[in-house]
Amino acid sequence: MKIAVLPGDGIGTEIVAEAVKVLNTLDLKFEMETALVGGAAYDAYGHPLPEDTLKLAMASDAVLFGAVGDWKYDKLDRPLRPEQAILGLRKNMGLFANFRPAICYEQLVGASSLKPELISGLDILIIRELTGDIYFGQPRGRRIATDGHFPGAEEAFDTMRYSKPEIERIAHVAFQAARKRKAAGSEGRVTSVDKANVLETFQFWKDVVTEVGKEYPDIALDHMYVDNAAMQLVKEPKRFDVVVTGNMFGDILSDEASMLTGSIGMLPSASLNTKSQGLYEPSHGSAPDIAGKGVANPLATILSAAMMLRFSLNQPEAAERIEAAVQKVLSQGLRTGDIWSEGTTKVGTAQMGDAVVKAMR
Ligand code: NAD
């Protein structure tokens, strides 16, 4: 089981260290190799995704990723910005399906900005397509300056496109995930989110998803416009089971869904290719505002490691052991600052990691 460990920037190094600690507690043999990515790699090698880092990732069963980015790189030309490393990894590894579960832990019901009754028991899965859409269309702008902006330009545009096989592939992933969840007690429903009323690309998306849906008669399918989906997620989040959508809408909706449960510091994610090779990372970014202070919540990264064990390394029991340990530390009242509330005990990043290790033992 070979794992490429790419901590990245900001809090990335702090939270990944805790996830590695947790993995090392398991009675499993991993080959872990660490490499630079993002701003850290740019500083060292002049590129956010150096050849060696990419090679390591491609040759591994899974990538455990922290986060990349810092405001200080905003002036760089777009291809050199830290965030490009993620796009490069997705593209080269063929990672097309992004899974973001939004699960509300009962112990954290009070940390959500929504009323407890709206989110208590929430367990939804957002599946975002990762390799198509406007993020991989053709950007057009007049690059006069090298600071990433277009002074003097009259217009700029990006093209949105999806091919039939790309939509079919992600639709199958969504229906199969809904089927698995149904077997475990969920409703068995896929909500496909689009903007078919305005965009040709998404009328096409809707038609293709509908066609694929016919192969899954046991799973209900409904369609929702993205603006309505954004509203329904905060109005009545429990009405969803599996949500499938394109790259840009998924980017936005998955962040919205993640905040429903209280803190972005709690939410793991997995990005998979057709060979179950995957990149596992917390849903949040590098949080430069709290980097280096030892206060970041490592649980999203620890839970991402659990997803890695389940999806790429075929170790579901080890995944459950980690998830149960996270539940246990929350029940013990331990909280990092982002999920802290009156009556609970505030702990730092390393203390939280240590508590999970202890709970596992
Ligand atoms: P962010 O997710 O880094 O931070 C948003 C807010 O959430 C901040 O107040 C931060 O302190 C808090 N936060 C995030 N993770 C936390 C954690 N584990 N524990 C406690 N608090 C946490 O988003 P941002 O501030 O918009 O972006 C910062 C940088 O991260 C930017 O350079 C951005 O491009 C990059 N980014 C990277 C990724 C990624 O690596 N996948 C994703 C999103 C943003």
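Counting starts at 1 for both ligands and their atoms, following the listed order.
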> Are Lys182 and Asp241 close enough for a salt bridge, meaning some N to O gap below 4.0 Å?
Replying inline: no
> Would you call Glu18 and Lys21 a salt bridge, taking side-chain N to carboxylate O under 4.0 Å as the test?
Replying inline: yes
Nearest to [atom], what protein heavy atom do you find, and at what distance?
atom: atom 7 (O) of ligand 1; value: Ile264 CG2, 4.0 Å
atom: atom 37 (C) of ligand 1; value: Val68 O, 3.0 Å
atom: atom 15 (N) of ligand 1; value: His284 CG, 3.1 Å

> To the nearest 0.5 Å, how far apart are OH in Tyr280 and CG in Leu309?
Replying inline: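 Reported to 0.5 Å precision, the distance equals 9.0 Å.
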> Hey, what do you get for CH2 (Trp205) to NZ (Lys164), rounding to the nearest 0.5 Å?
Replying inline: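 Interatomic distance, Trp205 CH2 to Lys164 NZ, rounded to 0.5 Å: 14.5 Å.
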Structural part of [X] in contact with ligand 1, heavy atom criterion under 4.0 angstrom:
X: Ile11; value: side chain
X: Pro288; value: side chain
X: Ile290; value: side chain
X: Ile15; value: neither
X: Trp71; value: side chain
X: Asp289; value: side chain

> So His284 and Ser258, side-chain hydrogen bond (donor to acceptor under 3.5 Å, both in side chains) or not? Walk me through it.
Replying inline: CA-CA 9 Å; His284 57 74; Ser258 56; over 6 Å; no
With heavy-atom distances below 4.0 Å as the criterion, list the atoms of ligand 1 near [X].
X: Gly285; value: 1 (P), 2 (O), 3 (O), 30 (O), 36 (N), 37 (C), 38 (C), 42 (C), 43 (C), 44 (C)
X: Glu281; value: 41 (N)
X: Glu83; value: 31 (C), 32 (O), 33 (C), 34 (O), 35 (C)
X: Asp70; value: 32 (O)
X: Gly69; value: 32 (O)
X: Ala67; value: 40 (O)

> Among the heavy atoms of Thr336, does any lie under 4.0 Å from an atom of ligand 1?
Replying inline: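 Heavy atoms of Thr336 never come under 4.0 Å of ligand 1.
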> Could a heavy atom of Ala296 be found less than 4.0 Å from some atom of ligand 1?
Replying inline: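 It does, in that a heavy atom of Ala296 comes within the 4.0 Å cut-off of ligand 1.
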> How about Lys328: does its NZ atom have over 12 heavy atoms from other parts shown lying under 6.0 Å from it?
Replying inline: no
> Hey, looking at atom 13 (N) of ligand 1, which of Gly337, Ala287, Ser269 has the closest heavy atom?
Replying inline: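 Shortest heavy-atom distance from atom 13 (N) of ligand 1: Ala287.
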>> I'd like the name of whichever of Ile86, Asp9, Leu279 reaches closest to atom 39 (C) of ligand 1 through any heavy atom.
In response: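 Among Ile86, Asp9, Leu279, the closest heavy atom to atom 39 (C) of ligand 1 belongs to Ile86.
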> Is there a donor-acceptor contact under 3.5 Å from the side chain of Ser269 to the main chain of Arg100?
Replying inline: no
> Strictly by modelled atom types, are Asp43 and Tyr73 linked by a side-chain donor-acceptor pair under 3.5 Å?
Replying inline: yes
> Going by atom types only, do Asp61 and Ser312 share a side-chain donor-acceptor pair under 3.5 Å?
Replying inline: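 No.
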>> Before you tell me yes or no, could you show the steps for Phe311 and Phe99 under ring pair (Phe, Tyr, Trp, His ring centres under 6.0 Å), namely the whole-Å CA-CA distance, both residues' side-chain angles and the distance that decides it to 0.1 Å?
In response: CA-CA 11 Å; Phe311 289 127; Phe99 284 63; 5.4 Å; yes
> Is there a side-chain contact between Leu64 and Leu23 (heavy atoms, below 4.5 Å)?
Replying inline: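 They are in contact (side-chain heavy atoms under 4.5 Å apart), so the answer is yes.
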> Parallel, tilted or perpendicular: which fits the ring planes of Tyr216 and Phe175, with parallel below 30° and perpendicular above 60°?
Replying inline: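 Answer is parallel, since the angle falls under 30°.
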